[in-house]
There are 2 protein chains.
Amino acid sequence: MTQIKHNQLPGKTVERLSQYRRILYNSIREGKTNIYSHELAKMMNLTPVQVRRDLMLIGYSGSQSKGYVIKDLVDLIGRIIDSKEGQKIIIVGMGNLGRAITSYFVGKREKLFIVAAFDNDLQKTDRIVAGVPCYHVNRLKEVIEKESIRIAVLTLAPEATHEVARKLLDAGIRGILNYTSVPLTVPPGIYLEEYDIVTSLEKLAYLVKQ
Amino acid sequence: MTQIKHNQLPGKTVERLSQYRRILYNSIREGKTNIYSHELAKMMNLTPVQVRRDLMLIGYSGSQSKGYVIKDLVDLIGRIIDSKEGQKIIIVGMGNLGRAITSYFVGKREKLFIVAAFDNDLQKTDRIVAGVPCYHVNRLKEVIEKESIRIAVLTLAPEATHEVARKLLDAGIRGILNYTSVPLTVPPGIYLEEYDIVTSLEKLAYLVKQ
DNA sequence: GGCATATTGTGAAATTTGTATCAACATAAA
DNA sequence: TTTATGTTGATACAAATTTCACAATATGCC
């Protein structure tokens, strides 16, 4: 097997790899075994060059006649993105959004597990919500440490965000996906992704207005 | 008032403007009237230069002694992002995610209105869901045209995505925010934003793994 | 006034991200 | 065998975005 060098893939490439793989899963299901860059590009709404560039970066080679072998490519993307034992994830804040994300996500990926949820509402805690055990937030550290959890999704009320984030880092969380409307700051070595629905809608509104 | 030239602001700048405004609302609530670039930068997790650059692009000037006048800045961002009469938005797909987004969003912005939702489940249609009237999808075109709706949020099952997108464009939708896991292609002049939770999580997992 | 300090605004450089071009090569058909 | 076609891989180029560096200027203090 080719020696892979993917020490520092561009962020956008990583995102596209995730999406390539999802599309390729579908292609496999349809019985396809090989795929050309222009086919994949069309399905992803990209240029063929960009597809080939991404695959070049992860050191995968196709053949001029048959294109890329889907199964090999999926496996390689898996070795790059997934960790062997899988990653555990927690959801903090089991309001509408937290529950929606949880039930949407559960079982979607082989190597990513939502193993716990947290809330400060006693109505929700100490029971199964959307298929996941929901604990009171004051047990964050305990559960994170016991289960060696590294990734947290924040879907809680704005007021509590900063305090919870601090506790998460203290407990050993290394990556945060922040869906609250409160921008966070994290120390070096901690990874943060932020996404806000309102911002996306306002951007669209701006574009449509033109 | 300064003549504004914002024909074609960079996409990233538009996103940040939306976020500046949200933060500035809070600052106003706390009684602040002026703000320096480095203060805003710190709250947003950016560099002061980037803040000043963005404000330069929208033609807003501050003073060396007092920084920026928050109220003026908020107003200016509003004139750039918002349209005077506001923009109407529909949600297509009232599953968990659709309902969560709707109830999260309702009332969040003065100039953005979720005016209708659609689903193909008769259990959900012709009633108020999360504060918004929910119609059957076969009434998409009718409602969109009657209400002059330009923006749609897609939170439906993957299978139906392509067909629904086609209908939306046919009915006159100009901007789509796609939360399904199916990449879309749209003709020129139509704006598309795509976001996928799984991709964000996989990216985080990749980063944390390093 | 004169000096130290702090802030804005901006041209230019650097970085990141995406695109165009083309040589090399495999296949199929003449 | 030769030619036409189509694809990959790679280099060069272009566009978008961020950061650097610093002039210009306002304020407060001596």
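So you know, we letter chains A, B, ... as the sequences are listed, proteins then strands, and number each from 1.
- We find the CZ-CD1 distance between B/R150 and B/I89 to be 12.0 Å, quoted to the nearest 0.5 Å.
- Within residues 187-203 of chain B, no residue is approached by DNA chain C to less than 4.0 Å at the level of any non-hydrogen atom.
- Between A/L169 and A/I176, the closest side-chain pair of non-hydrogen atoms falls below 4.5 Å.
- Take the nearest nucleotide of DNA chain C for A/Q50 and for B/I35: the residue whose nucleotide is more 5' is B/I35.
- A salt bridge (charged side-chain N to carboxylate O under 4.0 Å, His left out) check over residues 58-73 of chain B, counting only residues at least two apart or in different chains, returns the pairs B/K71-B/D75.
- Distance, B/L73 CG to C/dG9 P: 11 Å, rounded to whole Å.
- For B/Y60 and C/dT7, the OH to P distance is 17 Å, given to the nearest whole Å.
- Counting to the nearest Å, the P atom of D/dT8 and the NE2 atom of A/H38 are 8 Å from each other.
- Less than 4.0 Å separates DNA chain C from at least one heavy atom of each of the following residues of residues 12-22 of chain A: A/K12, A/R16.
- Applying the side chain to side chain contact (heavy atoms under 4.5 Å, CB included) test between B/V92 and each of B/D119, B/T155, B/L156, B/N120 identifies B/L156 as the sole match.
- To the nearest angstrom, P of D/dA16 lies 16 Å from CG of B/D54.
- In summary, A/K12 and A/E15 do not engage in a salt bridge, as defined by a charged side-chain N under 4.0 Å from a carboxylate O.
- Taking the ring centre of A/F113 as origin, the terminal cationic atom of A/K111 falls outside the region bounded by 6.0 Å and 45° from the ring axis.
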Short heteroatom pairs, N/O only, protein and nucleotides 23-30 of chain C, under 3.5 Å:
none

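- Donor-acceptor pairing under 3.5 Å is recorded for the side chains of A/D54 and A/Y20.
- Note on B/D82 versus B/R21: salt bridge recorded, some NZ/NE/NH1/NH2 to OD/OE distance being below 4.0 Å.
- For the pair B/Y68 and C/dG9, the criterion of a side-chain N or O lying under 4.0 Å from OP1 or OP2 is met.
- Atom C1' of nucleotide D/dT7 and atom CG of A/L55 are separated by 13 Å, given to the nearest angstrom.
- Contact check for A/Y68 versus A/V74: no side-chain heavy atoms found under the 4.5 Å cut-off.
- The nearest whole Å value for the distance from the CG atom in A/L57 to the C1' atom in C/dG18 is 12 Å.
- In this entry the distance linking CG of B/N34 with P of C/dT7 reads 13 Å, nearest Å.
- Using a 4.5 Å heavy-atom threshold, the side chains of B/L55 and B/L73 count as touching.
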Validation: residues 177-186 of chain B side-chain donor-acceptor distances under 3.5 Å, sequence neighbours left out:
{"from": "B/N178", "atom 1": "OD1", "to": "B/T180", "atom 2": "N", "distance (Å)": "3.0"}
{"from": "B/N178", "atom 1": "OD1", "to": "B/T180", "atom 2": "OG1", "distance (Å)": "2.8"}
{"from": "B/N178", "atom 1": "ND2", "to": "B/V182", "atom 2": "O", "distance (Å)": "2.8"}
{"from": "B/N178", "atom 1": "ND2", "to": "B/E194", "atom 2": "OE1", "distance (Å)": "2.6"}
{"from": "B/Y179", "atom 1": "OH", "to": "A/Y195", "atom 2": "OH", "distance (Å)": "2.8"}
{"from": "B/T180", "atom 1": "OG1", "to": "B/V182", "atom 2": "N", "distance (Å)": "3.2"}

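- Nearest heavy atom pair, residue A/A130 against residue A/V106, reads O-CG2, 4.1 Å.
- At whole-Å resolution of the value, CG in B/L46 and P in D/dT18 are 9 Å apart.
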Report, one pair per line, the protein and nucleotides 10-13 of chain D atoms (nitrogen or oxygen only) whose separation is under 3.5 Å.
{"from": "D/dA12", "atom 1": "N6", "to": "A/R53", "atom 2": "NH2", "distance (Å)": "3.0"}

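- Counting only heavy atoms from C-beta outward, the side chains of A/N96 and B/Y104 never approach each other to under 4.5 Å.
- Of all non-hydrogen atoms in B/V132 and B/A117, the two that sit nearest each other are CG1-N, 3.6 Å.
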